[in-house]
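Remarks on the structure that follows.
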Amino acid sequence: MPELPEVETVKRGLERLIVGKTIVVIDHGSDKSFPNDHTQVDAFMINATITKVTRRAKVLLIELSTEYTIMIHLKMTGQLVFVGSERFGAGHPNDSLVDNLPDKSTRVTIVFNDDSKLFFNDQRRFGWVKLLPNHMVKEEPFMQKVGPEPLHPEFSDEVFLSRIARRKGTTIKAAILDQTVLAGIGNIYADEGLWMSKIHPATRVKDVSNKKLKELRQNLVDVLQLSIDKGGSTNKNYVDAEGNKGSYMEFAKVFRREGKPCNRCGATIEKSRVAGRGTHTCPDCQSPPKKLL
DNA sequence: CACTTGACCTGTCCGC
DNA sequence: TGCGGACAGGTCAAGT
């Protein structure tokens with residue numbers, strides 16, 4: 001999916017675009033993308049006003065005046081696109097979305113009192129939308145177990161080291177992809193952070209020194225922040241709440257750069273498989289663990 | 001408990 | 001041009 005920077009970018013867009021609007025119509029078909037009972041959805045969403053938009057890990061939380069919260073996970077290909085009545089002009093992507101949405105990937109449509117619309121699109125249907133009473137949000141299994149927010153000050157070296165210690169037998173890449181260790185890292189920023197730290201992704205956690213783990217913590221924080229500044233990464237499907245692509249991929253050091261030179265040493269970036277995921281490394285900067293040699 | 005693998009879906013790309 | 005297989009940004013269930 002969209003990883004932390006992409007979800008954060010969507011969150012900021014929605015905060016600006018939909019807070020204060022009132023829902024008048026919901027079209028959610030009979031789809032696993034929105035498993036709530038229709039009666040419940042109508043009762044607590046129709047005539048509800050959007051009061052707040054927040055993010056926890058890769059989950060978006062849209063709070064309503066009815067004391068209910070819409071929880072949304074975009075997974076791999078989800079999009080949340082707002083379409084208002086205004087035209088942006090000059091070939092802005094939102095303008096073509098006005099004419100092209102809904103499309104065959106649209107799972108949920110929310111119509112607001114000023115006739116603007118919010119579309120939840122999801123090609124692969126892994127994502128979901130759920131409506132919950134506010135007090136039930138923290139009871140969700142994922143919310144119960146998810147780890148600390150990397151961009152909050154409490155995500156210290158000590159917290160990172162103690163959390164990752166539970167995964168000492170697995171590879172460092174699998175460990176940082178584990179949402180219970182820290183929230184928000186996905187395949188792109190795992191590879192980027194490990195390259196920045198000169199750690200091979202297949203290295204066992206127990207074979208990474210505390211010094212290197214501390215470097216990794218800082219690099220993960222830095223790459224997430226940089227990507228937010230660039231509006232996230234558009235690898236394929238991702239767009240923000242106005243249909244714009246993110247530009248982080250132009251700055252990526254290894255992700256999807258196989259066959260290209262390493263920015264640091266000039267060696268050719270390689271692609272392999274670690275933790276069941278496509279993995280990008282510099283063969284010179286990130287020396288593989290002995291068992292792979 | 002820790003760890004790995006396959007499943008969930010649709011679409012696209014690559015080799016034959 | 002068609003077909004089969006691998007692969008795609010994430011999590012979860014089931015297996016060892």
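Lettering of chains follows the sequences in order, A, B, ..., and the numbering in each one begins at 1. Every value quoted in this text rests on a predicted model; they were computed, and no experiment measured them.
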Taking [atom1] from [X] and [atom2] from [N], how many angstroms apart are they, rounded to a whole number?
X: E192(A); N: dG9(C); atom1: CD; atom2: P; result: 13 Å
X: F255(A); N: dC7(C); atom1: CZ; atom2: C1'; result: 12 Å
X: K173(A); N: dC3(B); atom1: NZ; atom2: P; result: 17 Å
X: I185(A); N: dG9(C); atom1: CD1; atom2: P; result: 14 Å
X: E3(A); N: dT11(C); atom1: CD; atom2: C1'; result: 13 Å
X: Q123(A); N: dC8(B); atom1: CD; atom2: C1'; result: 14 Å
X: Q179(A); N: dG9(C); atom1: CD; atom2: P; result: 14 Å
X: N235(A); N: dC7(C); atom1: CG; atom2: P; result: 15 Å

Listed nucleotide nearest any side-chain atom of [X], set [options]:
X: K32(A); options: dA8(C), dT11(C), dC9(B); answer: dC9(B)
X: R167(A); options: dC3(B), dC9(B), dG9(C); answer: dC3(B)
X: R204(A); options: dT4(B), dT11(C), dC7(C); answer: dT4(B)
X: R166(A); options: dG10(C), dG9(C), dA2(B); answer: dA2(B)
X: N237(A); options: dC9(B), dG9(C), dG11(B); answer: dG9(C)
X: T170(A); options: dT4(B), dT12(B), dC9(B); answer: dT4(B)
X: R277(A); options: dG9(C), dC12(C), dC9(B); answer: dG9(C)
X: P2(A); options: dT10(B), dG11(B), dG9(C); answer: dG9(C)

* Asked: Under the 3.5 angstrom rule, does the side chain of Q286(A) hit a backbone N or O of I199(A) as a donor-acceptor pair?
  -> yes
* Asked: Donor-acceptor pair, T77(A) side chain versus R124(A) backbone, under 3.5 Å?
  -> yes
* Asked: Is F126(A) stacked on the base of dC8(B) when the test is centres under 5.5 angstrom and planes under 30 degrees?
  ->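 So yes, this residue stacks on that base, both cut-offs being met.
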* **dG9(C) base stacked by Y238(A) (centroids within less than 5.5 Å, tilt under 30°)** =>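 Given the distance and angle limits, no, they do not stack.
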* Return the 5'-most residue of the pair G169(A), K236(A) with respect to DNA chain B, ranking by each residue's nearest nucleotide. => G169(A)
Under 4.0 Å between a Lys/Arg side-chain N and an Asp/Glu carboxylate O for [X] and [Y]?
X: E215(A); Y: K198(A); value: no
X: K245(A); Y: D240(A); value: no
X: E149(A); Y: R55(A); value: yes

* Per the atom types in the model, does the base of dG10(C) pair as donor or acceptor with the side chain of N187(A) at under 3.5 Å? -> no
* Is there a donor on the side chain of R125(A) or the base of dC9(B) sitting less than 3.5 Å from an acceptor on the other? ->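 Result: no qualifying N/O pair found.
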Look at the side-chain N and O atoms of [X] and state whether any lies under 4.0 Å from the OP1 or OP2 oxygen of [N].
X: K206(A); N: dA2(B); answer: no
X: H73(A); N: dG10(C); answer: no
X: K58(A); N: dG10(C); answer: yes

Describe the nucleic acid contact of [X] in one word from base, sugar-phosphate, nothing, applying a heavy-atom distance below 4.0 Å.
X: G276(A); result: nothing
X: S105(A); result: nothing
X: R107(A); result: nothing
X: G278(A); result: sugar-phosphate

* **Counter-base of dC12(C), judged by Watson-Crick or G-U geometry with both distances under 3.5 Å** =>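 By the stated definition (distances under 3.5 Å), dG6(B) pairs with dC12(C).
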* To do: Measure up the F34(A) and H28(A) rings against each other and bin them: parallel (under 30°), tilted (30 to 60°), perpendicular (over 60°).
  =>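 Answer is perpendicular, since the angle exceeds 60°.
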* Pick the P atom in dC3(C) and in dC9(B), then give their distance to the nearest Å. => 24 Å
* What distance, rounded to whole Å, do you find between the two P atoms, one in dC7(C) and one in dT5(B)? ->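 Rounded to whole Å, the distance is 14 Å.
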* Asked: If two hydrophobic side chains count as joined below 4.5 Å and joins carry through other members, does V7(A) share a cluster with F82(A)?
  -> yes
